[in-house]
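Starting off with a structure, shown below.
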Amino acid sequence: MGLALAGIAPGPASAAGDAPATQESQHQGPSQFALQMRSVWILVEQAEYAEASRLLAEAMARPQFASAAPDERRAALSLAGALAITLEDMATARGYYLQAVDGAPGHAEDLYWLLLLEADMGMLEEAAGHLAAFARRWPALLDGTEADFGEFDAPLFGQLVYGLDKDAPVRLELLQALFDSGWDWNGRGADELWRELALLHLRRGDEAATRATLQRMRSPDVLVALRSDARFDALFDRDDPRFDVARANAARIATLRGLADARPRDLGLRVALGYALLAGGENAEMLRLADAVLAPRAMPGPEPFDDMDELPWIINLRGIALRRLGRIDEALAQFVRAAGYQGVDPPDISHALNLGYFHCGLGNAAAAIDAIAAADHMSDYGRMVQAGIQHCAAWLQGDRDAARVALDYLREHRNDGPEMWVRALVREDRMDEARDGLLEMLASDDRRDTALELLQQYRKVAPLPGAVEVEARWDALLTLPEVLEAASRVGRVERYGLYRSTGI
């Protein structure tokens, strides 16, 4: 993090050390502490951050700091926190922001930087509690459109919600605060989080709160999860048009199109629209969307979107659309392009994994291994995807030792991505074990929703040439009578007129 990232952008007044004038300072001139702050700001403007931090710490340790005006003390603590971030001393920065928030709680930027620091330091409960407080006090600032100090990335919300113990009290506090604030990720929707909130209310036996939460959900993927899970059967009307999945996807497309038109510099909205188009089978429209985004600009100048780090996802979606249209070579070129995109630092390894997965489907074992060779710093789920690709490549090459190593990893870590483990068993034609793995998922409170999602019947495209036999065995697994009987005890399997939006 740099100093500017901590919201410090000194203008002429702050550089001169001018603080809000008190009655005393209007008659006596600047206080001793204000004079010391002038020297600190001069050092900041000269980028002498270490010396500025040292001088500021000395000033705050003197008696004059305790008698300074509250706004002066808060500004000093906030600056000290920003300097500590710049010097990569996150623990010290957190301490300063804690003091700033405790002494002057009416400044959103201080709480913002405090909770970001805590999340970065792995202090998830503390960060979640502070984000809940932020949502309650400044709900309009959650989407970043009215804040001049920064904005929240959606992955932060997921990090806190999914990183905490599922029944941690602060998890419920955070989800409820976000729900009550009306936050919807700038129009993209947050239904995955609201489903987590509904499950928490359900476990607590609060049916009224569960019903209220369900009524806000409009995401097709989440509606499928609700419809397939017997735990929700008595809590919503399955025949209500609001819970019709195809209708919900059509409405989502219309909503996202309107938002994208209104926000021409928001690329993330176009990514969300792309997923909805793919789910509805509108592949040609997805290509038109991607081509409009990727069209060469006639004149040099500022980037056309504020969130250019989303560009490889548009390329990835273009690849999926081409693959579904049977234009396999063109699709492969798009996945290669997304994986090689240099505009994001550090690169998003999801695209390297997608490329490796696609090569496996084509039967290109060596290319699959090359695609994921540099993939690093990934989530536990990402490592499961990587191991699945390694298993696929080893099996294609006839390297049974390497396949066994990969399968052992998948089995040991199956809670991080059980589908990858079961698919590897299917690849080796170990169908009894694959069946038992799927039954294990259906019996698990934590993995049941994943299994039920896999069993739902979506529209499909023909398998890639290197995966024909494996996909045939996979389809057979999902229709085994014992699997369907186990699914009927905890939910149901339905047919939908949509595609899985992310399926390659």
Side-chain angles (χ1 to χ4, degrees), residues 278 283 312 315-341 348-375 378 381-411 414 417-431 433-435 437-438 454 458-479 499-504:
L278 289 174
N283 298 306
I315 299 170
N316 178 78
L317 295 178
R318 190 174 193 277
I320 295 175
L322 289 166
R323 179 266 185 274
R324 292 184 180 178
L325 291 168
R327 296 158 62 178
I328 303 301
D329 290 343
E330 294 175 78
L332 176 58
Q334 296 304 300
F335 295 130
V336 170
R337 181 182 178 187
Y341 182 73
D348 189 335
I349 55 86
S350 299
H351 301 293
L353 297 176
N354 286 344
L355 176 59
Y357 185 84
F358 195 69
H359 273 303
C360 268
L362 294 173
N364 301 334
I369 292 299
D370 287 345
I372 64 173
M378 65 190 76
Y381 177 76
R383 281 187 280 271
M384 287 293 287
V385 176
Q386 183 184 49
I389 296 167
Q390 290 167 339
H391 179 270
C392 174
W395 195 257
L396 287 170
Q397 292 174 325
D399 188 342
R400 297 305 183 249
D401 289 338
R404 184 177 63 255
V405 170
L407 185 61
D408 287 345
Y409 181 91
L410 291 166
R411 180 183 295 106
R414 60 185 180 273
E419 179 187 351
M420 305 304 154
W421 169 53
V422 176
R423 280 192 176 274
L425 292 170
V426 170
R427 186 176 295 116
E428 294 194 9
D429 201 12
R430 297 162 69 162
M431 298 303 291
E433 294 176 69
R435 177 203 60 210
L438 193 52
L454 292 174
Y458 288 88
R459 294 171 65 184
K460 298 181 66 174
V461 292
L464 293 169
V468 174
E469 292 184 7
V470 173
E471 287 302 313
R473 289 199 292 267
W474 178 260
D475 289 343
L477 171 69
L478 299 185
T479 56
Y499 293 89
R500 283 191 172 88
S501 59
T502 57
I504 294 180

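Computed from heavy atoms alone, side chains included, the values below leave out hydrogens, waters and symmetry copies. Source: prediction; values computed, not measured.
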### Query
Which heavy-atom pair separates A331 from R323 by the least distance, and what is that distance?
CB-N, 3.6 Å
#### Entry: Test item: N364 and F358 side chains (from C-beta on) under 4.5 Å apart, heavy atoms
no
### Message
For the CE atom of M378 and the CG atom of D348, what is their distance to the nearest 0.5 Å?
### Response
10.5 Å
### From CG (N283) to CZ (R327), nearest 0.5 Å
10.0 Å
### Query
Heavy-atom count around E469 CD within 6.0 Å, excluding the residue itself: above 12?
no
### Task
For residues I372 and G356, report the shortest heavy-atom separation together with the two atoms involved.
CG2-CA, 4.2 Å
#### Entry: V422 versus A434, closest heavy-atom pair with distance
CG1-O, 3.8 Å
### Query
Which pair of heavy atoms, one from V385 and one from M420, lies closest together, and at what distance?
CG2-CE, 3.9 Å
### Summary
d(L362 CG, F335 CZ) to nearest 0.5 Å is 9.5 Å
### Task
Would you mind reporting whether I328 and L332 have side-chain heavy atoms less than 4.5 Å apart?
no
#### Entry: Side-chain (R414) to main-chain (W421) donor-acceptor, under 3.5 angstrom
no
### Task
Flag the pair Y499 / V461 as yes when at least one side-chain heavy-atom distance between them is below 4.5 Å, and no otherwise.
yes
### Message
Rounded at 0.5 Å granularity, tell me how far CG in L410 sits from CZ in R423.
### Response
12.5 Å
#### Entry: Atom pair NE2 (H359) and CD1 (I369), whose distance is rounded to the nearest 0.5 Å
11.0 Å
### Query
So do R318 and R337 actually touch side chain to side chain, heavy atoms under 4.5 Å?
no
### Query
Are any non-hydrogen side-chain atoms of H351 and Y341 less than 4.5 angstrom apart?
no
#### Entry: Side-chain touch Y409/Q390, heavy atoms, less than 4.5 angstrom
no
#### Entry: Exceeds 12 heavy-atom contacts within 6.0 angstrom, atom OH of Y357
no
Quiz: residues 401-408 side-chain donor-acceptor pairs under 3.5 angstrom, not counting sequence neighbours:
| unit_1 | atom_1 | unit_2 | atom_2 | d |
| --- | --- | --- | --- | --- |
| D401 | OD1 | R404 | NH1 | 3.2 |
| D401 | OD1 | R404 | NH2 | 3.3 |
| D408 | OD1 | R411 | NH1 | 3.2 |

### Message
Is it the case that the side chains of R500 and Y458 hold a donor-acceptor pair, with the cut-off being a distance below 3.5 Å and no angle test?
### Response
no
### Task
Considering only NZ, NE, NH1 and NH2 on the basic side and carboxylate oxygens on the acidic side, decide whether E471 and R427 come within less than 4.0 Å.
no
### Task
Taking the side chain as every heavy atom from C-beta outward, state whether L438 and L478 have any atom pair closer than 4.5 Å.
yes
### Message
Nearest 0.5 angstrom please: S350 OG to L355 CG, how far?
### Response
12.5 Å
### Query
Which pair of non-hydrogen atoms, one from L353 and one from G382, has the smallest distance, and what is that distance?
CD1-O, 3.8 Å
### Message
Is the shortest side-chain heavy-atom distance between Q334 and N316 below 4.5 Å?
### Response
no
### Summary
Closest non-hydrogen atoms of A365 and L396, given as atom of the first, atom of the second and distance, are CB-CB, 3.9 Å
